[in-house]
Protein chains: 2
Amino acid sequence: MSTNGKKKEGPSELDIFRDFLKRHGMRYTPERETIIKEIFATHEHFDVDSLYISMRQKGLRVSKASIYRLIPLLIQANLIEEVFFEKGQMHYEHTYGHEHHCHLRCQQCSKIEEFSDHRMAQIEEELTKRFNYKILRHRLEVIGLCSDCQKKAQAES
Amino acid sequence: MSTNGKKKEGPSELDIFRDFLKRHGMRYTPERETIIKEIFATHEHFDVDSLYISMRQKGLRVSKASIYRLIPLLIQANLIEEVFFEKGQMHYEHTYGHEHHCHLRCQQCSKIEEFSDHRMAQIEEELTKRFNYKILRHRLEVIGLCSDCQKKAQAES
DNA sequence: GTATCTGCAAACCCTTTGCAATAAG
DNA sequence: CTTATTGCAAAGGGTTTGCAGATAC
């Protein structure tokens, strides 16, 4: 089990996405560029609403609809992925350039710790053999109470 | 890694829930009983809408609101848990009486295989120490292509 | 030029909630 | 009797979509 966050070498997210759009007969627009830059500049995890608000505050004006329309494309291009659904909203994180990691989330305060674990690769390998699946990815979310929230809970009881 | 589905011994879901309600000053109603019986009789995984429809077809008439209001209680009582969110709906499965398991899902056809793995317990234990969290539960979803869908994909290319 | 994309606002759809009537304890 | 629960219908709130104008290519 190790901490995470190494940045891989390679073409930029924009390069990848530009190529993706070209291959699919879609267009590279200033709006798309703005959104992608914002996602990859400032957010590790994000949800549409907070992304939108943070962009507005910076004077970057794109509509929410454009963000919503962009997200499936970014997922298809393997640049981001859904990580969890909470309080009615889907949360995403960017994948490209980051090693895959798992999430440890505090049920109370929603704080998130990231970790990765070599055993996940073993598990995937065994599943491949056992069920004859071609494994694409996994999502591991561990839910618990962080030390702060444990203390608070004790204080209340 | 082992296959799953063993039924543990012990009090029934209704007993557990009755006790839970009493402890919280809540009431045991025919509606609640009907819904719980239906959940535990026929569904391994379920979502509110299909549960509601299936109950209606059997002539069991409870309102959707009552189902929605019951679910958080069942989660709190540790009888069911959220397993994944798909196509705008949360999906649940019952936990009580079943060993915890993980899901291997085919991205193409949504078929689900269940498995459990002792390494998850190890991982939880290590996370407890490392981050000082009190671990409550985890959700592991592995996504891939089942053998049938692999064949289909090959045939098409 | 033409097909795609944008912003807007309305529509959608799952879920939650206010309310008056009902029923559990 | 008191307070929780029910069903209904309306409200919420995140996401999707129809449309007309703008724009990438």
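Chain letters run A, B, ... following the sequence lines, proteins first and then strands; every chain starts at 1.
- Using five terminal pairs a side, the axes of the helix from C:dG1-D:dC25 to C:dG25-D:dC1 at its two ends make an angle of 40°, given in steps of 10 degrees.
- In this pair, A:His94 and A:His98 present their aromatic rings tilted. The plane angle is within the 30 to 60° band.
- Of the candidates D:dT2, D:dC25, C:dG7, D:dT2 carries the atom nearest the B:Arg27 side chain, counting heavy atoms from C-beta on.
- Distance check, rounded to the nearest 0.5 Å: OG of B:Ser50 to CD of B:Gln57 gives 10.5 Å.
- B:His45 and B:Glu93 share a donor-acceptor pair across their side chains, judged by distance under 3.5 Å alone.
- When the C1' atom of D:dT16 is taken as reference, atom NZ of B:Lys87 falls 16 Å away, rounded to whole Å.
- With D:dT17, D:dA24, D:dT5 as the choices, the nucleotide that has an atom nearest any side-chain atom of A:Arg69 turns out to be D:dT17.
- Considering only side-chain atoms of A:Tyr68, the nucleotide from D:dT5, D:dG7, D:dT15 that sits closest is D:dT15.
- Using cut-offs of 30° and 60° for the angle between ring planes, the B:Phe85 and A:Phe85 rings count as parallel.
- When distances are taken from the side chain of A:Tyr28 to each of D:dT15, D:dG7, D:dC25, the shortest belongs to D:dC25.
- Between the P atom of D:dG14 and the OH atom of A:Tyr92 lies a distance of 13 Å, rounded to the nearest Å.
- Closest contact between the side chain of A:Ala65 and the listed nucleotides D:dC8, C:dA24, D:dT17 involves D:dT17.
- The separation between B:Gln89 atom CD and D:dT16 atom P is 14 Å, rounded to whole Å.
- Closest contact between the side chain of A:Met26 and the listed nucleotides C:dC5, C:dT15, C:dA24 involves C:dC5.
- Rounded to whole Å, atom P of C:dA11 lies 18 Å from atom NZ of A:Lys64.
- Here C:dT22 presents its C1' atom at 10 Å from CD of B:Glu31, a figure rounded to the nearest Å.
- In this entry the distance linking CZ of B:Phe85 with P of C:dC13 reads 14 Å, nearest Å.
- In this model, the phosphate group of C:dA24 is not approached by any side-chain N or O of B:Arg32 to a distance below 4.0 Å at OP1 or OP2.
- Ion pairing between a basic and an acidic side chain is recognised when a charged N comes within 4.0 Å of a carboxylate O; B:Asp49 and B:Lys64 show such pairing.
- Counted by atom type alone, A:Tyr92 and A:Glu81 present zero donor-acceptor pairs between their side chains at under 3.5 Å.
- B:Thr29 has a side-chain polar atom (N or O) that falls below the 4.0 Å cut-off from OP1 or OP2 of D:dT6.
- Ring geometry for B:Phe131 versus A:Phe115: interplanar angle of 30 to 60°, hence tilted.
- In this entry the distance linking CD1 of A:Ile67 with P of D:dT15 reads 11 Å, nearest Å.
- If you measure from atom CD1 of B:Ile71 to atom P of C:dT16, you get 9 Å, rounded to the nearest angstrom.
- Set against D:dG7, D:dT5, C:dG7, the side chain of B:Ser63 has D:dG7 as its closest nucleotide.
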